[in-house]
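Hydrogens, waters and symmetry mates play no part in the numbers below; they use all other heavy atoms, side chains included.
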Amino acid sequence: MPRKILTIAPNDAGQRLDKFLTKTFPNLPSRVLYKCIRTKDVRLNGARCAPDSRLAPGDSLSLYWQEEYFQQAPKAHDFLKAPTKLNILYEDSHLMLLDKPPGLIVHPDETYHFDSLIARVQHYLYDKGEYQPEQENSFAPALVNRIDRNTGGIVMAAKTAAALRILNQKVKDRELQKLYLCVVCGRLKEPSALLTGYLSKNESQNRVYISQKPSPGAKTIRTRYQVLEERGDFSLLQVELLTGRTHQIRAHLASIGHPLAGDGKYGRNALNKPTGFKYQALCSYQLGFRFTTPAEELEYLNGQDFQAGNVWFLQEFRRFGPAKEDRPCSVQK
């Protein structure tokens with residue numbers, strides 16, 4: 001008789017067998033896992049299976065390994081220590097669109113003190129009864145995209161494994177349009193342009209460098225901007241990322257002599273101080289779903305656009321001086 005029988009739930013489906021078992025039973029050593037599969041101590045619907053077998057809803061897994069490998073330490077659910085305060089732009093049974101405030105990390109890091117955007121999401125869904133960790137084998141609500149701690153704007157959260165899989169693929173296939181607003185120092189020569197270059201990352205410094213020539217390890221970047229408004233010695237831009245690299249907007253605009261206002265890493269303190277900005281003036285303010293391939297249960301999102309409800313730096317920017325009349329701003333918030 002098997003020591004344990006598992007029925008594959010919808011949130012577990014679509015995974016490889018070995019990946020599912022590794023996440024579900026962290027006490028099971030990898031060498032033991034693959035030996036159990038090889039010796040038929042793991043059976044899928046009563047039959048021999050392979051490590052790369054794909055799981056489907058309703059599949060039955062019979063597990064015959066030693067009891068010690070099933071044991072798991074009780075989970076304390078650290079996410080319950082996070083507040084549930086969220087600015088929700090949109091929510092349905094598959095996903096949430098959140099307006100993240102600057103200053104909040106999206107995932108735990110070395111300075112984590114139990115408050116992050118993903119912890120707030122999981123706490124919120126737990127309180128609603130939509131996330132019950134004890135009933136999940138391997139899935140937890142997850143963020144689809146991420147933005148810097150000090151950048152505000154739209155972040156997607158998937159409530160189901162299917163939504164996470166679909167949205168991750170759409171991000172990879174560039175079937176989402178993400179627009180940013182930012183305030184930069186100075187006035188640009190061209191009202192709009194497509195910037196190109198090569199980005200190299202320095203992990204130890206947690207910063208990137210931009211060059212116009214390729215180099216080993218450097219990644220191609222493309223950044224499109226449009227000037228919306230000019231006030232004093234500052235410009236409000238709409239930016240579209242055509243490639244999504246670490247710090248791309250901040251570093252790319254700084255590389256052409258127009259760093260973001262308030263940016264202490266890529267900007268200059270002498271320019272930042274008069275603004276009074278606590279964070280870099282950057283917001284992921286609009287998200288558009290532009291599917292060109294099937295989106296399964298998320299097809300209803302195709303063609304929809306969502307905007308952040310509050311761009312924190314706009315009001316202050318408009319105090320920098322009179323607007324230049326030939327470049328009216330189309331952003332009213």
Taking [X] for the side chain and [Y] for the main chain, is one N or O donor matched with an acceptor at less than 3.5 Å?
| X | Y | result |
| --- | --- | --- |
| Q169 | R165 | no |
| R187 | G232 | yes |
| E175 | T292 | yes |
| D78 | F114 | no |
| T24 | L21 | no |
| Q122 | P141 | yes |
| N269 | N272 | no |
| Q248 | R222 | yes |
| R318 | Q315 | no |
| K100 | R149 | yes |

Are [X] and [Y] side-chain neighbours, meaning at least one heavy-atom pair lies under 4.5 Å?
| X | Y | value |
| --- | --- | --- |
| Q280 | K265 | no |
| R231 | V183 | no |
| E91 | L125 | yes |
| T7 | D59 | no |
| F234 | C185 | yes |
| S93 | K159 | no |
| R290 | L176 | no |
| L17 | L55 | yes |

Which value, rounded to the nearest 0.5 Å, describes the distance between [X] atom [atom1] and [Y] atom [atom2]?
| X | Y | atom1 | atom2 | answer |
| --- | --- | --- | --- | --- |
| F291 | E296 | CZ | CD | 10.5 Å |
| L253 | H258 | CG | NE2 | 8.5 Å |
| K178 | L241 | NZ | CG | 7.0 Å |
| D99 | S284 | CG | OG | 9.0 Å |
| S116 | L143 | OG | CG | 8.0 Å |
| T151 | L282 | OG1 | CG | 4.5 Å |

Specify the closest pair of heavy atoms between [X] and [Y], including all atoms of both residues, with the distance to one decimal.
| X | Y | value |
| --- | --- | --- |
| C49 | V42 | SG-O, 3.4 Å |
| G186 | S235 | O-OG, 2.7 Å |
| S204 | N202 | OG-OD1, 2.7 Å |
| H107 | I118 | CD2-CG2, 3.9 Å |
| N206 | H247 | O-CE1, 3.5 Å |
| E299 | A295 | OE1-N, 2.9 Å |

Step by step, would you call F289 with L167 a side-chain contact (heavy atoms from CB on, under 4.5 Å)?
-> CA-CA 10 Å; F289 294 90; L167 290 171; 4.1 Å; yes

Is it possible for you to check whether R120 lies under 6.0 Å from the centre of the six-membered ring of Y124, through NZ or CZ, and within 45° of that ring's axis?
->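 No, R120 does not lie over the aromatic ring of Y124.
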
Hydrophobic cluster membership, with links at side-chain heavy-atom distances under 4.5 Å among I/L/V/M/F/W/Y: are [X] and [Y] in one?
| X | Y | result |
| --- | --- | --- |
| I249 | Y266 | no |
| Y180 | I221 | no |
| I147 | L117 | yes |
| F313 | Y285 | yes |
| L260 | L188 | yes |

Take V144 and L164 through the side-chain contact (heavy atoms from CB on, under 4.5 Å) test and state the conclusion after the steps.
-> CA-CA 7 Å; V144 178; L164 182 62; 4.2 Å; yes

Take D115 and L104 through the test side-chain contact (heavy atoms from CB on, under 4.5 Å) and record every step on the way to the result.
-> CA-CA 8 Å; D115 188 13; L104 177 66; 3.9 Å; yes

Measure up the Y300 and H94 rings against each other and bin them: parallel (under 30°), tilted (30 to 60°), perpendicular (over 60°).
-> tilted

Report the relative orientation of the aromatic rings in Y90 and F306; use parallel for angles under 30°, tilted for 30 to 60°, perpendicular for over 60°.
->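 Judged by the thresholds at 30° and 60°, the geometry between Y90 and F306 is tilted.
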
Just wondering, more than 12 heavy atoms not from [X] lying within 6.0 Å of its [atom1]?
| X | atom1 | answer |
| --- | --- | --- |
| R268 | CZ | no |
| D127 | CG | yes |
| K213 | NZ | no |

Distance-only side-chain donor-acceptor flag, E316 / T275, under 3.5 Å |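 The answer is no; no qualifying pair exists.
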
Have T293 and K170 got a donor and an acceptor in their side chains that come within less than 3.5 Å?
->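 Their side chains do contain a donor-acceptor pair, which is all the 3.5 Å distance test asks for.
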
side-chain contact (heavy atoms from CB on, under 4.5 Å) between N310 and N87: does it pass, once the steps are laid out?
-> CA-CA 10 Å; N310 177 45; N87 186 354; 5.8 Å; no

Going through the checks in order, is the ring-ring contact (aromatic ring centres under 6.0 Å, His included) test met by F79 and Y131?
-> CA-CA 12 Å; F79 64 80; Y131 172 44; 5.6 Å; yes

